[in-house]
Amino acid sequence: MRRNTPAQTRPGAASTRLITGSAGPDPRGRRAALSDLTQAPAQRVVHRVLAWYRRHGRRDLPWRRSDVTPWQVLVSEVMLQQTPVSRVLPVYAVWTARWPTPQSLAAATPADAVRAWGRLGYPRRALWLHQAARAIVDRFGGIVPDEPGVLATLPGIGRYTAAAVAAFAYRRRVAVLDTNVRRVLARFLTGVPHPTGTPRAAEHRSLDALLPKNADRAAQFSVALMELGALICTSRSPGCARCPLTTDCAWHRAGRPAGTRRPRAPYTGSDRQARGALLAALREYPHPVSTADLARAWPDPTQRRRALASLVSDGLVSCAPGGRYQLGPATADAT
DNA sequence: TAGCCGTGGGC
DNA sequence: TGCCCAAGGCT
């Protein structure tokens, strides 16, 4: 298998080095390349990315407007997890109009949240957001926390989302390492086209080293880097000709080698598809649904039972009177 | 850590 | 037409 060519390192080069990918021996015996940024100091990278963003990258997205609240930023970040911007926009508009504060969502039922989630995908996020709203009300007086470590204690808020909320809602100087940023840095610094697995500590260190000292500028840089990955340095068809970092990019220098990626499990016929079909049937009606309706949504009885059981286990579905099923978890006072 | 968890648009 | 992908998180 072909290995990527490290960026050229000149002897006696200066000390500005950023490390990315897996530093040290990796499981397959590869040593990560060290990219010498002498020819492209961190400041120049930051400057180029910010200049590109100001001229070409800036999209008018509702969660980027100056009047957004931390709560709205949090909602947008959860919705954007593994979900394209274009599909988030309409659901975000509905959610933020209906539940503009943590208090308002906390006062709703989990079933309302799941129903309003529609077909965004990964519907457990609706439950998590609802639980997060209640936690924010109960534990933080209705104020969205501004510390990444505290944010990450909320359901559905992991390291990325916590950093994003802290940086974008509170202008905290926090490295925001999402899949776009990982791809940009991996390609630029080490020539790896598709970083895989959980982000490594070395990747966080590389991003920290790049991050401007000024908190506001750091947040701008994070948005710009994410945008660069989303619009130019894309996974499938990168627009290197339009990229402000091409001339110093290790991956570009190496001739853009293909790299390898992990195969993903088939979706058609999977339990995931079955769950989705059952949830779609449950969303279709405002009232509890009969087992016959669910059978029409997913005919295979064994898989239907399994999928339904997992949905109930997740709290996305619960039993209703008359052997029917409804959206949302069983309520504590239902008995 | 790997497997699991939705959905629909684009190529 | 399928395959690939999109601002992850949880167990």
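Proteins come first, then strands; the chains are lettered A, B, ... in the order of their sequence lines, and each starts at number 1.
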Which heavy atom in A:Leu231 sits nearest to a heavy atom in A:Arg242, and how many Å separate them?
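Where A:Leu231 meets A:Arg242 most closely, the heavy atoms are O-NH2, 4.3 Å.
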Counterpart residues, ring-ring contact (aromatic ring centres under 6.0 Å, His included), relative to A:Trp63 (two or more places apart)
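Once residues adjacent in sequence are excluded, the partners of A:Trp63 under the ring-ring contact (aromatic ring centres under 6.0 Å, His included) criterion are A:Tyr92.
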Excluding sequence neighbours, so at least two apart, what forms ring-ring contact (aromatic ring centres under 6.0 Å, His included) with A:Tyr285?
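Here the qualifying residues are A:His287.
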Of all residues at least two apart in sequence or in a different chain, which pass the side-chain hydrogen bond (donor to acceptor under 3.5 Å, both in side chains) check with A:Asp146?
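Testing A:Asp146 for side-chain hydrogen bond (donor to acceptor under 3.5 Å, both in side chains), a comparison that skips the adjacent residues, returns none.
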Across nucleotides 1-11 of chain C, 5' to 3', mark each nucleotide with B, S or - according to how protein heavy atoms within less than 4.0 Å reach it.
---BBBBBBS-
Could you point out which residue of [options] forms a side-chain contact (heavy atoms from CB on, under 4.5 Å) with [X]?
X	options	result
A:Leu50	A:His47, A:Arg54, A:Arg48	A:Arg54
A:Leu151	A:Ile157, A:Ile136, A:Thr161	A:Ile157
A:Arg173	A:Asn214, A:Leu211, A:Asp216	A:Leu211

Strictly below 4.0 Å, heavy-atom distances to any atom of DNA chain B: list the hits from residues 112-121 of chain A, or just say none.
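Result for residues 112-121 of chain A: A:Arg119, A:Leu120, A:Gly121, sorted by number.
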Distance between P atoms of C:dG9 and B:dG8 (Å, rounded)
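After rounding to an integer number of Å, I get 23 Å for this pair.
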When you compare B:dA2 with C:dA7, how far apart are their C1' atoms, in angstrom units rounded to a whole number?
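Here B:dA2 and C:dA7 have their C1' atoms 22 Å from each other.
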Side chains of A:Glu147 and A:Tyr170 only: does a donor on one sit below 3.5 Å from an acceptor on the other?
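Side-chain D/A pair, A:Glu147 to A:Tyr170: absent.
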So, A:Thr198 and A:Arg159: side-chain donor and acceptor under 3.5 Å apart, yes or no?
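Their side chains do not contain a donor-acceptor pair, so the 3.5 Å distance test is not met.
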By nearest heavy atom, map A:Gly197 and A:Ser270 onto DNA chain B; which one lands nearer the 5' end?
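With A:Gly197 and A:Ser270 compared, the 5'-side residue is A:Gly197.
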Select from A:Ser237 and A:Leu316 the residue whose nearest nucleotide in DNA chain B is closer to the 5' end of that strand.
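The residue mapped nearer the 5' terminus is A:Leu316.
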On DNA chain B, reading 5' to 3', which nucleotide is the first and which the last to sit with an atom under 4.0 Å from a heavy atom of chain A, could you check?
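Listing 5' to 3', DNA chain B meets chain A from B:dC5 to B:dG10.
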Are any of the side-chain nitrogens in A:Arg205 or A:Asp208 under 4.0 Å away from the carboxylate oxygens of its partner?
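No salt bridge links A:Arg205 with A:Asp208.
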